[in-house]
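Just below is one structure, and these are the notes that go with it.
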There are 2 protein chains.
Amino acid sequence: MTCAAENVPFTPGQARACTVREVLDRVGGKWSISILVSASHGPVRFTELERNVEGISRRMLTLTLRNLERDGLLHRTVYPTVPPKVEYTATPMALELYESLVALTSWAERHRRAIAEARTRYDAEHAG
Amino acid sequence: MTCAAENVPFTPGQARACTVREVLDRVGGKWSISILVSASHGPVRFTELERNVEGISRRMLTLTLRNLERDGLLHRTVYPTVPPKVEYTATPMALELYESLVALTSWAERHRRAIAEARTRYDAEHAG
DNA sequence: CCGTATCCATTAAGATACTG
DNA sequence: CAGTATCTTAATGGATACGG
């Protein structure tokens with residue numbers, strides 16, 4: 001990502017915002033979090049994820065897994081058996097991320113209703 | 001967003017992942033965070049944001065502001081003066097979100113180097 | 001000053017079929 | 001079992017011009 005504020009911060013807040021954006025670029029994909037969460041409870045196999053992560057296609061599962069592996073958030077272990085077996089394990093870094101997602105989750109749970117109401121209100125007010 | 005796990009949670013972890021996804025859907029846009037951060041230090045005007053948020057276009061600024069307003073994260077005050085003046089203020093809810101983004105920021109700062117290295121390593125290993 | 005409208009490029013993601 | 005390949009659609013964002 002281009003993160004110019006990182007080099008010449010306009011304000012301290014901007015630099016921080018940019019850092020957060022980097023996280024979101026990594027984790028903001030539609031499926032990344034569900035996968036990370038699944039993997040945070042122990043090694044998971046491909047098919048297992050396919051069942052756990054509701055609605056994901058094979059293609060997106062593969063793509064997301066590759067990206068998470070590339071960023072060092074998941075470790076991929078191939079057992080050269082027949083039939084093949086592949087296990088995905090959350091790295092320590094990913095486990096730390098999971099921890100810090102808890103704050104976000106708690107925020108979302110506290111305010112999900114307020115947000116839904118705000119939306120409804122806004123849409124109603126801007127209908128005419 | 002369709003969040004089936006919310007109704008019939010497959011695993012507790014899944015339901016949480018879905019909640020986090022809801023936050024990200026709200027805040028995961030390219031510019032949302034920078035704008036929220038700018039607004040968290042006091043009311044800001046449109047043009048001010050246009051200057052603060054580096055690289056943003058007028059169109060995207062407007063769109064993102066509307067979405068944040070719709071979700072109840074920003075409050076929009078129009079002063080019917082000439083020339084017009086509009087101020088955007090972070091709501092208490094948004095200020096709380098800012099707080100919880102700190103955990104994410106700190107994670108990103110701690111691991112940004114490791115992630116970059118992981119990427120380089122991965123790309124090198126998968127070149128041939 | 002604070003936007004809207006329109007058009008276009010890029011990317012993310014879904015559907016489906018095939019394979020070591 | 002664990003993927004790839006190909007095609008298509010939907011969403012996102014940028015450029016530019018115009019308007020109250």
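Below, all heavy atoms of this structure are taken into account, side chains as well, without hydrogens, waters or symmetry copies. Here is how names work: the chains are called A, B, and so on, in the same order as the sequence lines, proteins then strands, and each is numbered from 1. Remember, predicted model here, so these are calculated numbers, not experimental data.
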TODO: Taking all heavy atoms of B/Asp71 and all of B/Met93, pick out the closest pair and write down the distance.
DONE: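 Heavy atoms only, the tightest pair is O-CE, 3.4 Å.
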TODO: Could you tell me which non-hydrogen atom of A/Trp31 sits nearest to which non-hydrogen atom of A/Glu54, and how far apart they are?
DONE: CZ3-O, 3.5 Å
Is [X] close enough to [N] that one of its side-chain N or O atoms is under 4.0 Å from OP1 or OP2 there?
X	N	result
A/Arg45	D/dC1	no
B/Tyr88	C/dG3	yes
B/Thr47	C/dC2	yes
A/Lys30	C/dG14	yes
A/Arg58	C/dA13	no

Task: Sugar-phosphate, base or nothing in reach of A/Tyr79, heavy atoms under 4.0 Å - done: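 Touches nothing.
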Integer-rounded Å distance: [N] [atom2] and [X] [atom1]:
X	N	atom1	atom2	value
A/Arg21	D/dG13	CZ	P	8 Å
A/Leu24	D/dG13	CG	P	12 Å
B/Met60	C/dT10	CE	P	17 Å
A/Glu54	C/dA13	CD	P	17 Å
A/Leu63	D/dA2	CG	P	17 Å
B/Trp31	D/dA11	CH2	P	22 Å
B/Ile56	D/dT12	CD1	P	15 Å
B/Leu65	C/dC1	CG	C1'	14 Å

Open item on the list: Less than 4.0 angstrom from a charged side-chain N to a carboxylate O is my criterion; do B/Asp25 and B/Arg21 meet it?
Closed with: yes
Task: Nearest-nucleotide comparison on DNA chain D, the residue closer to the 5′ end among B/Gly28 and A/Phe46 - done: A/Phe46
Open item on the list: Both A/Pro84 and B/Arg76 contact DNA chain C. Taking the nearest nucleotide for each, which residue is further toward the 5' end?
Closed with: B/Arg76
Task: Test item: B/Phe46 and B/Glu87 side chains (from C-beta on) under 4.5 Å apart, heavy atoms - done: no
- [ ] Classify the side chain of A/Arg59 and the base of C/dA13 as holding, or not holding, a donor-acceptor pair under 3.5 Å.
- [x] yes
- [ ] Determine the interplanar angle of the B/His111 and B/Trp107 rings, folded into 0 to 90°, and report it as parallel if under 30°, tilted if 30 to 60°, perpendicular if over 60°.
- [x]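 Correct class here is tilted.
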